[in-house]
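Notes to accompany the following structure.
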Amino acid sequence: MKSELAALIHAALEQLVAKGTLAELPDTPPQIDRPREASHGDLSCNIAMVLAKRAGVAPRALAQQVIDALPTNTVIRQSDIAGPGFINFFIEQHHHTEVVRTILETGRLFGHSDSGGGRRVQVEFVSANPTGPLHVGHGRGAAIGDCLGRLLEATGWSVQREFYYNDAGQQINNLALSVQARAQGKGPDHSDWPADGYQGHYIEDVAKAYLSSETVQAADREITAAGDPADLEAIRDFAVASLRREQDQDLRAFQVVFDKYFLESSLYDDGAVKDTVTALQAAGHTYEDQDALWLRTTEFGDDKDRVMRKSDGGYTYFVPDVAYHHNKWQRGFERVINEQGADHHSTITRVRAGLQGLDVGIPEGWPEYVLHQMVTVMRDGAEVKLSKRAGSYVTLRDLIDWVGCDATRYFLVARAPSSQLTFDVDLALAKSNENPVYYIQYAHARCASVLRKANESLGEDSAQEGLSHLSCLSESETLALAISLGRFPEVVATAAERLEPHDLANYLRELAADFHSFYNAHKVLEVEPGTAKARLALVAATQQVIANGLALLGVSAPEAM
RNA sequence: GCGGAAUUAGCUCAGCUGGAUAGAGCGUCGGUCUACGAAACCGAAGGUCGCAGGUUCGACUCCUGCAUUCCGCGCCA
C-alpha cells in the first residue's frame, strides 16, 4: 500500500518537474508515514514541506499542486492538506482488505521478499569458548543472531550461521587443569588447585565422566575418554568435547542450529595466522619495538597501535581474529554480521584495521557488528546471580528450565540489542495477559479455534469463500486489523535492514491486540453467511501472519493452549 | 582520564532517514461472560522525554557542554 502511494507521488512530482514548478526530483524518495491520529488519514507525506523552500512556493500551496498532479487511481479515496503542509491520504477500503486475499494466496511466504537476491551473508553468533555452560548473555546472542538469520533468509539472502571458538588457548588449559584436579580428587581449597581454575559443578561432572571412560558426541566432534588422570592432553580433548556437547544440547533446546563450527586452532594449523602477519609486514603496516611486532592500527582509526607478536614469540588474540575474518572474506560472503556482547566492542576497530591493512579490497565497514548489552535476571523482585550448575552465573539452561524456550526467546529478542535488558522470570512465567508471549500465542490459538468451529458449521472452504465477500469487512476494528496485517511485509523488511529483531516482536504484540479487539467487538460465526465467511478469511489471514511472524522469532504457534 | 552504549509514565520498554496532541505492556482505579476460547475486551488516572544551550518551518530524534548508570581501555581471550 505504501509503495503504491509512493509510486503515485513520484509520478506527481515528475509532472511538476515537467511543468517547471520543480527544478528536479528530490534525491531521496518521498517520506510516507502512518499517522497515529485517525483524522490524519491512513498515510501522510511531508514532501511539500521538504521541497517548499527550493521550489519557492509556500508548503500548503505546493501540497495542493502535488495533489492536483496525482494520476487517476483506485487507491486514494481522499487527499487533505493539513497543518504546515502535510498531505494526508485516505485509502479506499477495498485496498485495506485486499491484503487478506494476498495472505491466503501466499501463505507461509507472506511477508517474505527478495531484496537479498540470493546474495551470501554470514551471521556469526554465540561463539562461546567451550569452558563452561552458556550463560544468559550467550542466550541473548543466540536469540538475536538466530532471529537475524531468519529475517535475512526471509528477505532473500542466502544465510550461513557460524559458531567460532577457541579450542586451544590458555582458557582451555585452565579447563583441562581444573578437570584434572577434580579427577585427582582435589577441590578449589586444595593447595594444588590451579590458579584461575574453573570451580563450577560441571567440572566435577566432566571429571567423573572422564574417569568412567564415557563417549561424548557434540555437533562437531566425538571422543571417548582415556580415563587416565595423568594424561592432560586426553583430559583436554575430552573436556572440550563434553562442554561442546553441553552447549549443543542447550542450543538445540533453544531451537538454534549452526551450519558451521570454526576452530581457532585451524588458523594456526593451516598457516593462516602466520600468513596474516607476513602480509601485514609486507604491506608496511608493522614495526618492531621492545622485542614485539606492532600493527599501526592508528592508521585506521584506532587510538593506539596494537601488539601482534609478543616478545615471547606468541601472537595476541586479535591476529587470529584478523586471519579468521580474512578467511570469511575469501569464502565469498558479501556481508558478514558478527553478533557479540558489547564487552567485545574494542575488537571492532582492530579487526577492521587488520583487514584494511591486508589491502585485499575489503570494504571499510566490513564486517558489520550487532552488539548486545548485558542481561540481568530478576526473580521474586531480586536479581538472580548464581546458577546451580555453573556457580558464578545464570545459564541459558536455567532460563529455559524456568520459563521454556518460547518465552526465553521472545523476551531476549524483544528489546533493542543496544538496551540493557532486565529479564523478569515471574513475568515470563505468567500464563496470563501479563505475558506478551502467551498473549500472542493465545491470539493464534483463538484463530485456530474459530476456524475449527467454522469447518463444522460452514464447511471447509468457508474462509476461502470469504474472499468474494471482502467488502463486508467495514467496521473500524475490522479495518484496523486488516491494516495491521498489511504492515507485516514492511515490518519484516525494516527489521532485517536495520538488524533489529525487536521491531518484529513488538509488531506481533500489536497485531495480537488488534485481533483481540476485533474478536471482542464482532461475532465471526453467528452472523449473516457472507459476513461470517469474510470475517473467517480475516481470521485465517491473521492466524497466518502471526504464525509467520512467530516463525521468524523461532517461537512456536500453538493451535490450542 | 579516553572510547562505546544508555537516560522517555510507579516498573519494564517502544518511538521508523527530524514531523502533527510523545506510545505500549505491567501495576493502580472503574466497567464487560446463560455469548465462536475472559489466557480476552472497554474506559480512566499517570510524563518538564536526565540538565543547559544551539541548528530550523518543526527536535524525544541532529550538534555542543554537563550529570548519572553500564561496558571496555593488557605484549589476556
Side-chain angles (χ1 to χ4, degrees), chain A residues 28-29 31 33-37 39-40 44 46 49-50 52-53 58-59 82-86 88 129 131 166 169-172 196 264 289-294 302-304 306-318 320-321 341-349 371 373-374 376 378 411 414-424 427 430-436 438-439 441-443 445-454 457 477 490-491 494 497-498 500 502-503 505-506 509-510 512-513 515-521 523-527 532 535-536 539 560-561:
Chain A
T28 53
Q31 182 180 329
D33 294 317
R34 295 177 185 276
R36 35 178 164 266
E37 185 75 26
S39 65
H40 294 153
S44 76
N46 66 349
M49 289 181 288
V50 174
K53 190 173 271 184
F86 290 103
N88 293 334
N129 283 341
T131 53
N166 178 352
Q170 187 52 42
Q171 291 182 26
I172 301 295
D196 304 322
E264 183 180 351
D289 185 38
Q290 298 175 352
D291 295 326
L293 181 69
W294 297 70
D302 205 351
D303 53 355
K304 58 181 176 183
R306 305 292 169 175
V307 170
M308 297 173 66
R309 193 179 59 226
K310 299 179 278 184
S311 51
D312 69 5
Y315 296 111
T316 55
Y317 72 93
F318 96 90
D321 266 5
D343 52 341
H344 290 85
H345 176 264
S346 57
T347 68
I348 296 177
T349 312
L371 302 180
Q373 296 286 332
M374 304 285 101
T376 52
M378 301 288 288
F411 275 70
R415 305 297 185 211
S418 61
S419 287
Q420 292 175 40
L421 184 147
T422 303
F423 194 110
D424 185 338
L427 180 62
K431 296 197 171 177
S432 73
N433 58 350
E434 298 166 29
N435 186 337
Y438 284 91
Y439 185 78
Q441 289 180 324
Y442 179 59
R446 251 186 167 176
C447 291
S449 169
V450 175
L451 289 164
R452 277 194 299 270
K453 278 232 154 53
S457 56
E477 296 88 352
E490 66 192 60
V491 169
T494 306
E497 245 167 60
R498 305 200 312 170
E500 294 191 333
H502 70 284
D503 289 348
N506 290 334
R509 201 173 36 68
E510 290 164 17
F515 172 72
H516 289 310
S517 292
F518 156 76
Y519 186 86
N520 275 275
K523 287 282 185 199
V524 175
L525 298 180
E526 291 158 27
V527 293
R535 287 178 183 168
L536 271 174
V539 170
M561 300 171 68

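These numbers were taken from a predicted model, which means no experiment stands behind them. Every heavy atom of this structure was used, including side-chain atoms; hydrogens, water molecules and symmetry mates were not. Proteins get letters first, then strands, A, B, ... in listed order; numbering begins at 1 in each.
- With rounding to whole Å, A:Glu497 atom CD is found 11 Å from B:rC16 atom C1'.
- Rounded to a whole angstrom, the distance from the C1' atom of B:rC73 to that of B:rA24 is 38 Å.
- Contact annotation for A:Lys453: backbone-only contact, meaning every heavy-atom pair under 4.0 Å involves sugar-phosphate atoms and none involves a base.
- A search for side-chain hydrogen bond (donor to acceptor under 3.5 Å, both in side chains) contacts involving A:Asp503 returns A:Arg498, not counting sequence neighbours.
- In terms of heavy-atom proximity, A:Thr494 sits nearest to A:Glu490 at OG1-O, 2.7 Å.
- Atom pair A:His502:NE2 and B:rG25:P shows a separation of 17 Å (rounding to whole Å applied).
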Extract from the structure each pairing of a protein N or O with an N or O of nucleotides 7-12 of chain B at less than 3.5 Å, listing the distance.
unit_1: B:rU12; atom_1: O2'; unit_2: A:Arg415; atom_2: NH2; d: 3.2

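- Proximity of A:Arg452 to the phosphate of B:rG37: no side-chain N or O atom is located under 4.0 Å from OP1 or OP2.
- For A:Arg498, the side-chain atoms get nearest to B:rG15 when compared with the rest of B:rA5, B:rC42, B:rG15.
- Only the C1' atoms considered, B:rC51 is 16 Å distant from B:rA6, to the nearest whole Å.
- Its glycosidic angle being more than 90° from 0, B:rC13 falls on the anti side.
- Residues A:Asn520 and A:Phe515 are not in side-chain contact: their nearest non-hydrogen atoms beyond the backbone lie 4.5 Å or more apart.
- Rounded to the nearest Å, the gap between the C1' atom of B:rC41 and that of B:rA5 is 39 Å.
- In summary, A:Glu500 and A:Arg415 do not engage in a salt bridge, as defined by a charged side-chain N under 4.0 Å from a carboxylate O.
- With P as the reference atom, B:rC36 and B:rA9 are 40 Å apart, rounded to whole Å.
- Counting non-hydrogen atoms under 4.0 angstrom, A:Tyr519 reaches a base of the nucleic acid.
- With a 3.5 Å limit on both pairing distances and Watson-Crick or G-U wobble geometry required, the stems of 3 or more pairs in RNA chain B span B:1-7 with B:67-73, B:10-13 with B:23-26, B:28-32 with B:40-44, B:50-54 with B:62-66.
- Spacing of C1' atoms, B:rA39 relative to B:rC26, comes out at 15 Å, to the nearest Å.
- Between the OH atom of A:Tyr439 and the C1' atom of B:rC26 there is a distance of 13 Å, given to the nearest Å.
- Straight-line distance from the NE2 atom of A:His516 to the P atom of B:rG43: 16 Å, rounded to whole Å.
- Checked by distance alone, A:Ser449 brings a side-chain donor or acceptor within 3.5 Å of a matching partner on the base of B:rG37.
- Only the C1' atoms considered, B:rA59 is 16 Å distant from B:rC16, to the nearest whole Å.
- Here the side chain of A:Asp343 is nearest to one of B:rG25, B:rC71, B:rA39, namely B:rC71.
- A:Thr376 pairs by the side chain to side chain contact (heavy atoms under 4.5 Å, CB included) definition with A:Glu383, A:Thr422, not counting sequence neighbours.
- The distance between atom CZ of A:Phe423 and atom C1' of B:rC26, rounded to the nearest whole Å, is 15 Å.
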Close N/O contacts between protein and nucleotides 18-20 of chain B (under 3.5 Å):
unit_1: B:rG19; atom_1: N7; unit_2: A:Asn46; atom_2: ND2; d: 2.9
unit_1: B:rA20; atom_1: OP2; unit_2: A:Arg36; atom_2: NH2; d: 3.2
unit_1: B:rA20; atom_1: N6; unit_2: A:Ser44; atom_2: OG; d: 3.1
unit_1: B:rA20; atom_1: N6; unit_2: A:Asn88; atom_2: OD1; d: 2.6
unit_1: B:rA20; atom_1: N1; unit_2: A:Asn88; atom_2: OD1; d: 3.1
unit_1: B:rA20; atom_1: N1; unit_2: A:Asn88; atom_2: ND2; d: 3.1

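- With C1' as the reference atom, B:rG50 and B:rU61 are 16 Å apart, rounded to whole Å.
- Counting any heavy atom pair closer than 4.0 Å across all strands shown, A:Ala560 reaches a base atom.
- Here the P atom of nucleotide B:rC41 and the CZ atom of A:Arg446 are 7 Å apart, to the nearest Å.
- Taking atom CD1 of residue A:Ile348 and atom P of nucleotide B:rC71, one finds them 18 Å apart after rounding to whole Å.
- Taking atom P in both B:rG1 and B:rG15, one finds a spacing of 31 Å when rounded to whole Å.
- When heavy atoms are screened at a 4.0 angstrom cut-off, A:Ala445 is found touching base atoms of the nucleic acid.
- Taken to the nearest 0.5 Å, the CE atom of A:Met378 stands 13.0 Å off from the CZ atom of A:Phe423.
- Taking 4.5 Å as the limit, some side-chain heavy atom of A:Tyr442 sits within range of a side-chain heavy atom of A:Met561.
- As a whole-Å value, the separation of A:Arg535 CZ from B:rC36 P is 15 Å.
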Could you go over nucleotides 74-76 of chain B and give all protein N or O partners under 3.5 Å, atom names and distances?
unit_1: B:rC75; atom_1: O2; unit_2: A:Ser311; atom_2: N; d: 2.8
unit_1: B:rC75; atom_1: O2; unit_2: A:Ser311; atom_2: OG; d: 2.9
unit_1: B:rC75; atom_1: N4; unit_2: A:Gln290; atom_2: O; d: 3.1
unit_1: B:rC75; atom_1: N4; unit_2: A:Gln290; atom_2: OE1; d: 3.1
unit_1: B:rC76; atom_1: OP2; unit_2: A:Lys310; atom_2: NZ; d: 2.7

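- Phosphate contact (OP1/OP2 of B:rA6, side-chain N/O of A:Ser418, threshold under 4.0 Å): present.
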